[in-house]
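The structure appears right after this line, and notes come after that.
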Amino acid sequence: MNAQIQAPSSSSTFPLPSLSSTSRHRSKIRLPFPREVCSTQWMCCCFGGRMETFQNSNPSKNLIVGMHSLGRSVAQSLFLQPIRSYSTLPGVLLTSKTPDLSTTSAVGDEKVGVLLLNLGGPETLEDVQPFLFNLFADPDIIRLPRLFWFLQKPLAKFVSVLRAPKSKEGYASIGGGSPLRQITDAQAEELKKALCAKNVPAEVYVGMRYWHPFTEEAIEQIKRDGITKLVVLPLYPQFSISTSGSSLRLLESIFREDEYLVNMQHTVIPSWYQREGYIKAMVDLIEKELNKFDRPEEVMIFFSAHGVPLAYVEEAGDPYKAEMEECVDLIMEELERRGTSNGFTLAYQSRVGPVEWLKPYTDDTIIQLGQKGVKSLLAVPISFVSEHIETLEEIDVEYKELALKSGIENWGRVPALGCEPTFISDLADAVIESLPYVGAMAVSNLEARQSLVPLGSIEELLATYDSQRRELPPPVTVWEWGWTKSAETWNGRAAMLAVLVLLVLEVTTGRGFLNQWGISPLFR
Ligand SMILES: C=CC1=C(C)c2cc3[nH]c(cc4nc(cc5[nH]c(cc1n2)c(C)c5CCC(=O)O)C(CCC(=O)O)=C4C)c(C)c3C=C
Ligand SMILES: [Fe+2]
């Protein structure tokens, strides 16, 4: 084990250890949290000791990977806990997957709730522009330098109006709206049933970041229902500042303001891509689609993940890329264990705006694969567990067309997990495993709240990988003459500044180009 763990102080986070990867080609996983001194007892119980116990009693590699998943997910739910809950760790961690609820008091007098966090999507074409406004108004999506924070909303209005026609076209082509709400509601329903079947009755809520039902609405319902223990489960397998991070940031600000919520015990499972059940469910779906090809062994498995701007990973420390790569490795290892050893590629799709995003890009990669003579391609959407515009339109229509044009003859696509029973059952297990670690909260005064509640820990979690928050250092600082990357960047910045100046003039004087075009009410 190369993991090092912080000694948690009453106000510090439990870190996420870098588990030694079982990957064939992974060099190393970047640790998104600072490596500091560790409470040896805690580390031993939670990781070192536990891993040994499992390895001794169950030498199969399969199981070890599974325990990695368990260790990681439990660790992830733990690192948001206050120090006083960790005296319960060792015993519980060494028990079976389903803890004895009579000792964890997860039910009984307690009312357990699960809050599923998701992105949300426009339900009609009229919703598209306001949905895009909400998305671009999120400082975790458009990250402005501190000096320009006051422009976040006007800029969001501007960008959302500019993008709306293109987005509307996409949503129109998939039936006039996003299926996300319907699918997430169905997942919530199935999760509730799965929890009940595992003897953990719980209410399951859906809180969307950018459209209905908004996270705020879900929280109101949670309060009305008198939930006393809450498990927060973002529906993104891998963590990104722009997705789970943004939702947690919002949740933290809601919790901070609310007396009821400050008193409610909760825990967070920030990412869960390593879970055995999730990996197996993905592999089941891949195998099924592979077998539809005439020659399954010749098919290139093409993982396509939603991209993020490169600076999120390189400057802000977003663990997204590392988690994505590890997730793909785990899936390929499980496939190999089952006797499938196809070639595979990971690429990133859906970039927006002028900055550089994670590479390789999906479109470029498809063209290259065609040039290399690949004839059969199976696309696997990997960053999201529901069908949505980027699977139904971008992959199924745009990338398929590009692939066929590029010389690929046989095309297939793995469906999103949706309500796959193995997947839902694994989510239920993740919730149950996290219950014993739902934190006790401080109630009395602000100081106590700041030092003991997990909320403060969310803040620290966010700060550890995202220390500069919105102030990302410029990706290119030195000017180079010619049609160079730096020239492009500086031109882009100059244009951006000009737009900002025009917007400010528009807002302050009520005159300008938007007025002339008759769209000035945008800023009201
Ligand atoms: C893991 C998943 C996602 C990441 C990471 C992510 C980052 C990210 N997205 C945008 C901009 C847009 N995203 C849009 C839609 C959208 N994004 C995700 C997931 C991730 N986004 C989903 C599931 C959806 C679709 C929801 C649906 O309605 O079906 C859109 C709107 C659609 C469009 O116009 O293309 C935008 C815009 C950025 C800028 C970003 C990282 C900074
Ligand atoms: Fe997105």
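Basis for what follows: all heavy atoms, side chains included, without hydrogens, waters or symmetry-related copies. Atoms within each ligand, like the ligands themselves, are counted from 1 in listed order.
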### Under 3.5 Å: N/O of Arg163 near N/O of ligand 1
yes
### Query
Any donor-acceptor pair under 3.5 Å linking the side chain of Asn134 with the backbone of Tyr210?
yes
### Query
Which ligand 1 atoms does Phe384 reach within 4.0 Å, using its non-hydrogen atoms?
23 (C)
### Message
Using 0.5 Å steps for rounding, measure from the CG atom of Leu310 to the CD atom of Glu315.
### Response
8.0 Å
### Task
Return a yes/no value for Asp140: is any of its N or O atoms, backbone included, closer than 3.5 angstrom to an N or O of ligand 1?
no
### Within the 6.0 Å centroid threshold, strictly below: Trp272 and Tyr278
yes
### Task
Tell me which part of Ser350 gets within contact of ligand 1: side chain, backbone, both or neither, using heavy atoms under 4.0 Å.
neither
### Query
What are the atoms of ligand 1, with element, lying closer than 4.0 Å to any heavy atom of Leu135?
11 (C), 12 (C), 36 (C), 37 (C)
### Summary
Interatomic distance, CG@Leu235 vs CD@Gln187, rounded to 0.5 Å, equals 5.5 Å
### Task
Answer yes or no: is there a donor N or O on one side and an acceptor on the other, between the side chain of Gln152 and the main chain of Phe136, under 3.5 Å?
yes
### Task
Could you list which atoms of ligand 1 come closer than 4.0 Å to a heavy atom of Gly121?
28 (O)
### Task
Number the atoms of ligand 1 from 1 as they appear, then name those within less than 4.0 Å of a heavy atom of Val308, with their elements.
5 (C)
### Query
Which class fits the ring pair Trp211 and Phe131: parallel under 30°, tilted 30 to 60°, perpendicular over 60°?
perpendicular
### Query
How close does the nearest protein non-hydrogen atom get to atom 17 (N) of ligand 1, and which residue and atom is it?
His306 NE2, 3.4 Å
### Task
Check if Trp211 has a non-hydrogen atom at a distance under 4.0 Å from any atom of ligand 1.
no
### Task
Taking only heavy atoms of Ser167 into account, list the atoms of ligand 1 that are under 4.0 Å away from them.
33 (C), 34 (O)
### Query
ligand 1 versus Trp357, non-hydrogen atoms closer than 4.0 Å: side chain, backbone, both, neither?
side chain
### Query
What part of Thr243 sits under 4.0 Å from ligand 1 if we count only heavy atoms: the side chain, the backbone, both or neither?
side chain
#### Entry: Proximal atoms of ligand 1 relative to Ser383 (non-hydrogen, under 4.0 Å)
1 (C)
### Query
Any idea which protein heavy atom is nearest atom 28 (O) of ligand 1, and the distance to it?
Tyr171 OH, 2.5 Å
### Message
Heavy-atom distances under 4.0 Å decide this one: backbone, side chain, both or neither, for Ser242 against ligand 1?
### Response
side chain
### Message
Counting only nitrogen or oxygen atoms and a 3.5 angstrom limit, does Pro122 reach ligand 1?
### Response
no
#### Entry: Residue and atom name of the nearest protein heavy atom (relative to atom 26 (C) of ligand 1), distance in Å to one decimal
Leu119 CD2, 3.6 Å
### Query
So among Thr345, Thr391, Thr365, Thr362, which one has a side chain to side chain donor-acceptor pair (under 3.5 Å) with Ser304?
Thr362
### Task
Could you tell me whether some N/O pair between Ser240 and ligand 1 is separated by less than 3.5 angstrom?
no
### Summary
Atoms of ligand 1 under 4.0 Å from any heavy atom of Leu132, numbered from 1 in the order shown, are 31 (C), 37 (C)
### Query
So, is Tyr236 polar-close to ligand 1, with some N/O to N/O distance under 3.5 Å?
no
### Query
Is the closest side-chain heavy-atom distance between Leu392 and Pro179 below 4.5 Å?
yes
### Task
Find all atoms of ligand 1 within a distance of less than 4.0 Å from any non-hydrogen atom belonging to Tyr312, and give their numbers and elements.
42 (C)
### Query
Name the one of Arg143, Arg209, Arg249, Lys153 that satisfies salt bridge (charged side-chain N to carboxylate O under 4.0 Å, His left out) with Asp138?
Arg209
### Message
So that I know where these two stand, are Tyr320 and Phe239 an aromatic pair - ring centroids less than 6.0 Å apart?
### Response
no
### Query
What residue among Glu390, Arg351, Glu394 forms side chain to side chain donor-acceptor pair (under 3.5 Å) with His306?
Glu390
### Task
Classify the contact between Glu390 and ligand 1 as side chain, backbone, both or neither, using a heavy-atom distance cut-off of under 4.0 Å.
side chain
## Note on the structure
When rounded to the nearest 0.5 Å, the distance separating CG of Leu417 from CD of Glu387 is 9.5 Å
#### Entry: Interatomic spacing from CD in Glu123 to CG in Leu180 - rounded to 0.5 Å
9.5 Å
